[in-house]
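Heads up: the structure comes next, in C-alpha cells.
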2 protein chains.
Amino acid sequence: MPVTVLLVDDEPLVRAGLRAVLETQPDITVVGEAADGASVIPLVRQLRPDVVAMDVRMPLMDGIEATRAVLRTVEQPPKIIVVTTFENDEYVYDALRAGADGFLLKRARPAEIVHAVRLVAEGESLLFPATVRKLAAEYGDRPGNAQARAVLERARLTEREAEVLRLMTRGLSNGEIAVRLTVGTETVKSHVSAVLAKLGARDRTQAVITAFESGFVTPS
Amino acid sequence: MPVTVLLVDDEPLVRAGLRAVLETQPDITVVGEAADGASVIPLVRQLRPDVVAMDVRMPLMDGIEATRAVLRTVEQPPKIIVVTTFENDEYVYDALRAGADGFLLKRARPAEIVHAVRLVAEGESLLFPATVRKLAAEYGDRPGNAQARAVLERARLTEREAEVLRLMTRGLSNGEIAVRLTVGTETVKSHVSAVLAKLGARDRTQAVITAFESGFVTPS
DNA sequence: GAGCGTCTCCCCCGCCCGGGGGAGGCCGGT
DNA sequence: ACCGGCCTCCCCCGGGCGGGGGAGACGCTC
C-alpha cells in the first residue's frame with residue numbers, strides 16, 4: 001500500500017518541489033497541499049494522510065501550533081515531519097517537543113527527503129533522533145555522528161538532567177535514582193520529564209535509546 | 001560505610017577463600033557464613049548483609065531456591081551474587097532469572113571478586129549484564145565482548161522474542177509492536193516477559209540496555 | 001529589584017507495564 | 001501416540017511511569 005502525504009508550506013515553490021521529489025516514487029502519493037497551519041486539520045480529517053510534511057514558519061498558524069492541534073484533535077493522527085530551512089531552527093525543536101516525528105532540511109537531497117517520509121510512515125522512527133541519525137548517516141557523517149549528537153547538545157540538558165539520563169542508561173528506576181542522588185522521587189520525575197521533553201522521547205526507554213545512539217553514553 | 005557480605009557455600013574451603021579475599025579490603029566485611037541454602041533466610045534477617053555471595057549447587061536447598069526465597073520473603077533484600085565453578089552453568093542462568101544481581105566464577109581473580117561485590121553493593125548493576133560486561137572488560141576481552149554476548153546466546157531467545165526485542169530497541173510500545181507483528185497486545189506482553197526473564201532484566205529499559213551492551217543491536 | 005533558569009518538591013490522574021496465573025493449537029522429535 | 005517447545009491469547013492486579021498542573025528557594029544577570 002502506498003504512503004500518502006499532505007504538504008503544508010506557505011510557499012508554492014516549496015510545495016511543488018516536495019511534490020515533484022516525492023511523486024518520483026511509485027509508493028508515495030501526495031494527496032493534498034495546504035498553505036497555512038489553520039487549514040491543516042480539516043484537510044487531515046478529510047484526506048487522512050499517512051504523513052504530513054509541515055513547514056515550521058508559516059502565517060496564521062505556525063507549524064508548532066498546527067502540529068499540536070493535529071495531535072490533539074485528530075484520532076489516529078498522521079506522522080508529522082517538520083520542514084525547515086535552517087539547521088538550528090529553534091522552532092524545529094519546539095515542534096519536535098510538540099510531538100512531531102522527524103524533521104527535514106529544505107536543502108536535503110531528494111533521496112533523503114524520500115527516505116525521511118518512508119521512515120516515519122513505517123513508524124520506524126517514532127523516536128525522532130533515529131531519523132536524525134539515519135539522515136546523518138546519509139550525509140556521510142563521520143562515525144562520531146555529529147548531527148545526532150547535535151540534537152543532544154541542542155537539547156541542552158542541564159547538569160542534573162544529564163546525570164539523571166546517565167543513571168537511566170544504567171537501568172535504574174526513578175526511586176533508585178532518587179536514592180542515588182539523595183533527592184525525592186518527585187524531583188527525579190521532574191528531571192526525567194524534562195529529559196523526555198528535550199529529547200523528544202515518549203518514555204524512558206526511548207530516551208535511553210537516544211542516549212546510546214547519539215553517543216551520550218557508549219555501550220562498551 | 002563498609003559493605004557487609006554473607007557467604008553461602010557448602011564447601012568450607014570456598015568460604016574461607018572468599019573471606020580471605022574480601023577481608024583484604026577495608027571497606028568490605030564478611031558478617032557471616034552459611035553452608036546451605038536453608039539457613040540463608042534467618043541469617044539474612046539477622047545480619048542484614050548488603051550482599052550475599054551464593055553458591056548455586058548446594059545440598060538441601062540450592063542457590064536458585066534460596067535466591068527466590070530470600071527475594072520473596074525478606075524486605076529490602078540484599079544483593080545476591082551467584083557463585084559457580086562452571087562458566088556455562090545452566091543453574092546460574094536460572095538463578096539470574098530468579099532475581100540474582102550478578103554472577104561470579106570461582107576461579108576469578110581476587111580483584112575481580114572484590115570488584116563484583118562492590119558493583120552490586122553500589123547497585124550499579126542491578127542489571128546483571130553490566131556486571132558481566134565489566135568483568136569481561138577486566139578479563140581483557142576483545143571489543144566484541146564475547147562474554148556479554150554469550151549471555152544473550154545463552155539466553156537463547158526464540159525468533160519471535162528476538163524480533164520483539166529488536167522492536168523494543170526501536171522504542172516501540174507493546175501496542176505498537178503488536179500492530180507491527182499483527183498479533184494481539186497480550187501476545188506481545190508474553191514475548192516481552194519472556195525476554196525480560198531470559199535477559200534478567202527488570203523492565204524493557206534494562207532489556208534494551210542489555211541489547212545495546214551485548215551487541216545484539218548496534219547504535220550506529 | 002526584577003527577571004530568569006535551575007533544582008527541589010507537591011498534587012492528581014490515567015495508563016501502560018510487568019507479574020502471576022492459565023490455556024489452546026501447532027509442529028517436530030522420540 | 002506422546003511430550004515438549006513455541007506461538008498465540010486470556011484473566012486479574014499492583015505499581016511504576018509520565019502528563020498536567022503548581023510552587024518555593026537559590027543564584028545569576030541585567
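What you see below is based on every heavy atom in this structure, not just the backbone, and it leaves out hydrogens, waters and symmetry mates. Naming: A, B, ... by sequence-line order, numbering from 1 per chain. Not measured: the values here are computed from a predicted model.
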Answer yes when B:Glu163 and B:Arg160 have at least one side-chain N-carboxylate O distance shorter than 4.0 Å, and no when they do not.
no

Hey, is the main chain of B:Val183 close enough, under 3.5 Å, to the side chain of B:Thr187 for a donor-acceptor pair?
no

Check the side chains of B:Thr4 and B:Thr29 for a donor-acceptor pair under 3.5 angstrom, ignoring hydrogens and angles.
no

Counting primed atoms, P, OP1 and OP2 as sugar-phosphate and everything else as base, the B/S/- map of nucleotides 7-21 of chain D against protein heavy atoms under 4.0 Å is SBBBB-----SBB--

Set of side-chain hydrogen bond (donor to acceptor under 3.5 Å, both in side chains) partners for B:Ser190, sequence neighbours left out:
none

Please name all residues satisfying side-chain hydrogen bond (donor to acceptor under 3.5 Å, both in side chains) with B:Glu65, sequence neighbours left out, ordered by chain then number.
none

